[in-house]
Amino acid sequence: MTREPTEPTGPIPWTGPTPDDAPATAGSGLVVRGLRKTYGDHVAVDDVSFRLAPGSSLGIVGESGSGKTTTVRMLVGLERAEAGTVTLDGRDRSARPRGRAERLARAREIQMVFQDPYLSLDPRITVGGCVDEVLRLHSPLGPAARAARVTELLDQVGLGPREAAALPRALSGGQRQRVAIARALAAEPRVLVLDEAVAALDVSIQAQILELLATIRREAGVGYLFVTHDLGVVRHVTEEVVVLRHGRIVEAGPTGQVLDAPRHPYTRLLLDSVPRRGWDPARIAEARSAVG
Ligand code: ADP
Ligand code: MG
């Protein structure tokens with residue numbers, strides 16, 4: 001593996017289970033090995049590997065442009081990886097799907113919630129209808145059973161019949177994000193990818209959604225890939241974290257350990273960049289130019 005000469009230190013080795021330890025079998029969860037993506041001569045994602053155990057929660061952190069979204073888009077199949085493999089419980093997701101059934105099965109297994117749910121909800125369809133769409137695609141249920149399931153899913157995210165009958169634009173940002181989560185859960189995924197899913201929300205609404213997500217994970221046993229630039233968020237909702245910089249993982253490990261005792265200078269810089277008492281933007285800017 002080659003390093004750019006400006007890299008101050010090598011990547012901090014993973015202290016948790018490594019992808020190579022993971023058997024490619026039923027309980028192995030999501031195993032990502034050596035993912036790479038370039039746009040022209042710009043390397044957006046370079047040799048990214050990690051593992052998400054079933055039902056656990058992994059944070060992918062890094063500044064804007066560090067390759068977080070590109071990484072998860074490759075996992076869900078919105079983007080094709082140039083190199084690397086992705087397996088979920090031993091099933092290879094890297095090869096082109098063979099037919100509609102396999103494509104649907106893959107789409108179902110990893111669901112994504114985006115920063116702006118307004119873009120992923122059809123403005124002409126009621127909230128209940130938006131959830132029902134997913135059930136029609138992925139479940140064998142008939143109309144009556146689907147209606148009951150829609151009510152159940154919306155209830156799970158704290159929405160009632162009044163919201164179910166409303167159009168997305170009648171809801172608040174936090175409520176729309178709840179709909180997006182219900183829609184994702186309707187597919188009964190193994191993994192939920194949340195890409196800056198609370199970034200656009202007010203802090204108090206953020207807390208409510210994070211609390212809701214924690215409850216859902218306990219109850220549904222779904223694994224989370226939590227993509228965020230916000231280190232405060234990962235502390236509350238993830239068990240492990242990988243730090244991306246310029247498309248590469250520079251540090252990875254248990255969340256508490258990485259946040260409380262960061263070993264890579266870039267992670268320390270990210271932590272120091274969070275505004276708090278005694279925060280000094282000028283010093284941060286200086287440290288940043290030192291890290292390169
Ligand atoms: P993040 O989600 O961490 O902000 P992204 O994965 O969106 O980062 O982007 C990583 C890098 O790849 C950035 O430099 C971005 O400009 C570039 N990039 C992302 N998508 C495209 C694209 N479709 N075409 C060209 N460059 C892209
Ligand atoms: Mg992004």
| message | Is it true that D202 and S204 share a donor-acceptor pair across their side chains at a distance under 3.5 Å? | response | no

| said: Is it the case that the side chains of T38 and E82 hold a donor-acceptor pair, with the cut-off being a distance below 3.5 Å and no angle test? | reply: yes

Compare every heavy atom of [Y] with every heavy atom of [X], then report the nearest pair and how far apart it is.
X    : Y    : result
V157 : L212 : CA-CD1, 3.9 Å
I125 : C130 : CG2-N, 3.6 Å
G174 : L201 : N-CD2, 3.7 Å
R183 : V131 : CG-CA, 4.1 Å
V234 : G59  : CG1-CA, 4.1 Å
V198 : Q206 : O-NE2, 3.0 Å

Which value, rounded to the nearest 0.5 Å, describes the distance between [X] atom [atom1] and [Y] atom [atom2]?
X    : Y    : atom1 : atom2 : result
K37  : T71  : NZ    : OG1   : 11.5 Å
I205 : L210 : CD1   : CG    : 11.5 Å
Y39  : E79  : OH    : CD    : 3.5 Å
R98  : R103 : CZ    : CZ    : 14.5 Å
H229 : S66  : NE2   : OG    : 11.0 Å
L225 : L194 : CG    : CG    : 8.5 Å

Contact check, side chains of [X] and [Y], non-hydrogen atoms, under 4.5 Å:
X    : Y    : value
M74  : V48  : no
L58  : T238 : no
P168 : V179 : no
L75  : L35  : yes
R136 : D132 : yes

State plainly whether one hydrophobic cluster holds both [X] and [Y], where clusters connect Ile, Leu, Val, Met, Phe, Trp and Tyr through side-chain heavy atoms under 4.5 angstrom apart.
X    : Y    : answer
V191 : V242 : yes
L271 : V243 : yes
V113 : V237 : yes
L104 : L135 : no
V233 : V193 : no

Between [X] and [Y], is there a donor-acceptor pair closer than 3.5 Å when you use the side chain of the first and the backbone of the second?
X    : Y    : result
S57  : E239 : no
R178 : I209 : no
Y224 : L213 : yes
R51  : S28  : yes
S94  : V86  : yes
T255 : E240 : yes
E109 : R106 : no
R36  : G84  : no
Q115 : A199 : no
E251 : H264 : yes

| Residue pair E163, L154: steps toward the side chain to side chain contact (heavy atoms under 4.5 Å, CB included) verdict | CA-CA 9 Å; E163 288 89 10; L154 287 175; over 6 Å; no

| said: Tell me if the CZ atom of R80 is crowded by more than 12 foreign heavy atoms within 6.0 Å. | reply: yes

| said: For a side chain to side chain contact (heavy atoms under 4.5 Å, CB included) check, start with the C-alpha distance between E63 and Y266, then their side-chain angles and the critical distance, and finish with the verdict. | reply: CA-CA 10 Å; E63 289 172 300; Y266 179 69; 2.7 Å; yes

| Audit row: L192, I216, side chain to side chain contact (heavy atoms under 4.5 Å, CB included) steps and yes/no | CA-CA 11 Å; L192 199 57; I216 288 171; 5.7 Å; no

| said: side chain to side chain contact (heavy atoms under 4.5 Å, CB included) for I249 and L244? Distances and angles first, verdict last. | reply: CA-CA 5 Å; I249 294 179; L244 270 187; 3.8 Å; yes

